[in-house]
Structure formats: structure tokens, C-alpha cells
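Throughout, protein chains are lettered first and strands after them, A, B, ... in sequence-line order, and every chain is numbered starting at 1.
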2 protein chains.
Amino acid sequence: MVIPTSQCHSMPQINCSSCRLNMLCLPISLELTDINKLDEIIQRGRPIQRGDHVYHAGDKFRSVYAVRSGAIKTVSNTQDGQEQITGFYLPGEIIGMDGLATNTHSNSAIALETSAVCEIPFGRLEELSAQLPNLQRRFFQLMSKEITNDQQLITLLSKNNADQRIASLLLSISARNHSRGLSAEEFYLPMSRSDIGNYLGLTIETVSRVLSRLHKQKIITLDKKHVLINDMTALRNLALTSDKP
Amino acid sequence: MVIPTSQCHSMPQINCSSCRLNMLCLPISLELTDINKLDEIIQRGRPIQRGDHVYHAGDKFRSVYAVRSGAIKTVSNTQDGQEQITGFYLPGEIIGMDGLATNTHSNSAIALETSAVCEIPFGRLEELSAQLPNLQRRFFQLMSKEITNDQQLITLLSKNNADQRIASLLLSISARNHSRGLSAEEFYLPMSRSDIGNYLGLTIETVSRVLSRLHKQKIITLDKKHVLINDMTALRNLALTSDKP
DNA sequence: CGGGTCATTGAGTCAGCTCAAGGCTCGTGG
DNA sequence: CCACGAGCCTTGAGCTGACTCAATGACCCG
């Protein structure tokens, strides 16, 4: 019933070369000796609790962070005091790249559940990047991935209705879990309904109604935050703009 | 009446150190000798006409491009055949960074009017970046800026109504014109109503109605694509979420 | 002058919002 | 052990801002 979550936030002594996420994370395409060089600059902190900040909007930019376990949301504050969740980040994904442009974080990063992150001091990463072309390329790629992700969200918000938005989010989490070796069909949503609504530009009531409807239609089975995708094909079709066939 | 546009697309022989955009573009924070090194790798093409592509979605990623004159839109195609405009780019701004993640452009870049771009082969830029820390930093910053821009658009689409979206777009173009030494109050919109609607997640009718209303309220004076901002303060207030004061 | 593209304006519809009520769960304290 | 309050979620009912559909106008180019 309960899907066991990774225990690695209790093992701060782990290093990149033995981390089971290293095929997703920053070290991709690095040689072992280069991974070890990267390892030396990475600082592994103690677990952070639900609601704790990894960094605050306005903080001086010093580091980027790899999520090692748990789940993190990034939140940007608009000038008029609203909060917009700009992303949910799962193990192996990198946060903090928003801080480079102005040397100050424009977002806050907040743990959705007990989590652990690897801190990567950016100054050291820059130096190492200049020496290791593969690392430089890899980091450019990660930033580019961030851009294309954001653009997909823009499209979702601009063109898609509530059903499509929710279906797309479920499919995204499913696919990312799958790439980490977990089930694509069964998982826990680490965020609240309110977080989902904020992220997708919907009210909490609409999120709740859509999820209830998907459950009634037997496309998913939903119990609180536990999701079981019964009909992946139907969910994928729902995520597409169902105009002309 | 007619605001003269830059003529530099007819002067391909110009180089970075003499380009009047060099305080906005890639060369910021480079020494003169380093600018000259950058200059050597940049290829300046002939003018491109309205509707022409700088690159197509699916093209192999080879270069990024600095807009030298005119205006460019970037368009991403969703799997189900829809088009989403993800940005409008004015002189001094960089396009093409979407291609890094997968080595293939995920967007198309299309000229909104007669334009010129500087092509910057990415392989050469990477090599040079490894040698020039300031250039590496500058390029990271540009990508980070792209991310924060996209996140602002996400917030706009997620939280703001039609009036706020239109007002924000007008203010953004105004500010970017101003930073290029042009008028903040008076400018031409390089894109169609349909492009505006696509970008902002609105129908063309709504765009037209909102612009007409702003004109009737004397906040702007609108004649086709020519915009005169009469009351910058009112426009700024409109762009803010006008909930609790 | 005709045909095409782009923009404006009006009228009616509807998806998602607001407002409101109530349920479930968990922790705290009597 | 149960009562109670605080969060979080669900569900219903009615409203509204933006959409759809439709007609018309303005401009450009051959």
C-alpha cells in the first residue's frame, strides 16, 4: 500500500559516483575521474523538513542544488505580493538556476516533504566547467531544459483547459517517476491541491472537481494523495487538445 | 509621425565593438580584446524578410542568434499541432537557446518584420567561454534571464486577466525600447493582434476589445500598430493585480 | 476593382470562478 | 477516551469574463 520513498536523505555520505540518480543528474556524460572532481565541490546537507526553504527569493546567489530525495517546489513572488509556483522538482533535478541572471534568487525553493539536496557552489562549478567541456555542456543543457520546460508550461496555461492541465501534470510526474526507476502507474502526489491549482492557474475547487471526475471515470484511482493510473491511454488522450481528430 | 527603425540590417560589416547594442547584447562585461575575439566567430547574415525563419523547430542546433534589427517571434509547436508563441525578441536580445537541451531546436524563430541577426556558432562560443570566464558567466546569465522571463510569463498567464496581460506586454515593450535608447512612450507593435493573442493566451477579439478600451479610456492612443502611452501610471496600475490595496 | 488579410464590434454561451456548506484527519488537551 | 479546533479537501449553486459565432470595416496588392 505505502510506496517506500528513497532513504538516501539519511545517508549524507553518499557520493555522485555511487548515487543511483547519477544517470539523471548533473554528472551525465562525465568520466569517472571527472565525476570525482565534481564530487569534491558538492556539499551534502542534512535533511530539510516540509515547509523549509532551500533558498529564499532575494538571497544572494551562491549555489545550485540537486534534489537528492523528497520533493521541492519553486515559488516566485510577483511585485504585488502574489505567489506563483513555477515548478515541482523531484530527485535528480536541479534547482536554483534562476539566480544567475541577477546574482540574486528570483524564486524561493520550499520542501514539499522531508527532502535532501546536494549543494553545488556555483563559483566552483564555473571553474570546473571551464576545465571540463562535458560539464560545461551539461550545465548549459540543464538550463536549456529548464527553458523548454517553462515553455511547455506556458503552452499548457495558454492553450489548455482544466482537464488537460491536470492530466498533463499527472503524466509528467508519472514519466519522471518512471525515469527514476519507480512506477509510472502508482505514486504519491507530494503537493497539496492548493499547490496544484497555483501551479496550473486553477482554483483549488476546480482541481478537486477534475480529480474527482477522473476517479469517477475510472481513469485514475485516487485516495488523498495516492494516485493509481488505471488507463494511461485515456489520460494521454485527455491531455491532448481534443479538437479536430 | 513615423519612428525611424534602425538601419543596421543594411550594414553587415558592423562589428560588436562598434555596435550600439553592445551594452545590451552578449558582449556586456567583456574587455575590448575579448570583444574582438567574440567578433571573429560571429557571422553576420543578410536581412531576413517578414515571415522568414531564422531556424525551424527540429533543426539541428548549431548556433544562437543575436537580434540586430527588426523583431523576431519564437514559436513552439505542441505534439497536437498547436502553435504557441513563447517570446518576442527585439534588437540586442538572444534567441536559439532552446536548442541546447536536445541538440535540436524545440522552437521556430520567425521574423515579424525585416530583420537582421548575428549568428553565433555555439561550438565556437563554448570554446571561447572556457577561455573567457566573463563570457561563460555572461552566457549563463542570458540563459537564466530567459528562464526568469518565461517564469514571469507563466505568472501572467496563470494569475492575470486580459487587461493585465495586455498592459504588461505594452509595458515590457516600452521598457525594452527605452533600454535601447528609444522612446518609452511611443512605438510600433511589430506583431499582429493574432500574435499578441497567441502569446498572451487570449483570442484576437479580446485583444482588440482591450486595446480599444484602453484607447477610449485615453490611457493609450492607438492607431493600427502605432502606440502612444498617454498615462504610464494608469497603465502600470492596470498591470498590477488590483485586489486588496 | 476584386479578393485576401487583418482588425473591430456586437450578441449570446459556457468553463471555471466565487461563495457557501460540510466532511475528513490529525493533534492537543480535558 | 472523546471533544474540539485547524487544515485540507470535496461538493453544490449561481455568476461572470473571456470565448464563440457572426457581420462588417479598413487596407493592401495585383
Side-chain angles (χ1 to χ4, degrees), chain A residues 1-2 49-51 73 82 85 110 112-114 156-169 188-217 220-227 238 241-244, chain B residues 1-2 49-51 73 82-83 85 110 112-114 156-170 188-217 220-227 238 241-244:
Chain A
M1 188 59 149
V2 169
Q49 302 301 317
R50 178 186 154 91
K73 65 176 173 183
Q82 292 195 98
I85 296 177
I110 304 173
L112 291 166
E113 59 190 41
T114 305
L156 198 67
L157 293 172
S158 177
K159 300 269 180 293
N160 292 11
N161 65 24
D163 287 18
Q164 293 162 350
R165 295 183 202 187
I166 302 268
S168 295
L169 177 61
Y188 279 87
L189 293 172
M191 71 294 283
S192 67
R193 302 288 191 267
S194 157
D195 284 339
I196 295 175
N198 184 303
Y199 176 69
L200 294 177
L202 301 170
T203 58
I204 182 174
E205 294 94 331
T206 299
V207 173
S208 183
R209 277 185 251 269
V210 172
L211 287 174
S212 296
R213 181 146 32 83
L214 293 181
H215 180 87
K216 276 188 202 118
Q217 293 172 182
I220 64 173
T221 304
L222 184 70
D223 180 27
K224 317 279 158 52
K225 305 198 162 191
H226 176 243
V227 175
L238 208 67
T241 311
S242 49
D243 278 4
K244 294 128 204 164
Chain B
M1 190 55 151
V2 170
Q49 301 302 318
R50 176 187 157 89
K73 66 176 173 183
Q82 291 196 98
E83 292 196 337
I85 296 176
I110 303 173
L112 291 165
E113 58 189 44
T114 305
L156 198 66
L157 293 173
S158 177
K159 300 269 182 291
N160 292 10
N161 64 23
D163 287 18
Q164 293 163 349
R165 295 183 201 187
I166 302 268
S168 295
L169 177 62
L170 293 176
Y188 279 86
L189 294 172
M191 71 293 284
S192 67
R193 302 287 191 268
S194 158
D195 284 339
I196 295 175
N198 184 304
Y199 177 68
L200 295 176
L202 300 170
T203 58
I204 182 173
E205 294 95 329
T206 300
V207 172
S208 183
R209 277 185 251 271
V210 172
L211 286 173
S212 296
R213 181 147 31 84
L214 293 180
H215 180 88
K216 276 188 201 116
Q217 292 171 183
I220 65 174
T221 303
L222 183 71
D223 180 28
K224 316 277 158 53
K225 305 198 161 192
H226 176 244
V227 175
L238 208 66
T241 313
S242 48
D243 279 3
K244 294 125 203 166

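Side-chain atoms of B/Asp163 and B/Arg213, non-hydrogen and from C-beta on, do get closer than 4.5 Å to each other. Residues A/Leu169 and A/Ile196 meet the side-chain proximity criterion, which asks for heavy atoms closer than 4.5 Å.
Across B/Asn160 and B/Arg165, no two heavy atoms sit closer than the pair O-NE, 2.8 Å. Nearest approach of B/Asn198 to B/Glu83, heavy atoms of both residues: ND2-O, 2.9 Å.
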Going 5' to 3' through nucleotides 5-17 of chain C and flagging B where a protein heavy-atom sits under 4.0 Å of the base, S where only the sugar-phosphate is that close, and - otherwise, we get --SBBBB----SS
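Taking atom CG on B/Asp223 and atom P on D/dG25, their separation rounds to 19 Å, with Å as the unit. Regarding A/His226, its NE2 atom lies at a distance of 18 Å from the C1' atom of C/dT25, rounded to whole Å. The CG atom of B/Leu200 sits 12 Å away from the P atom of D/dA18 (whole-angstrom rounding).
Remark: the backbone N or O of A/Ser208 is paired with a side-chain donor or acceptor of A/Ser212 at under 3.5 angstrom.
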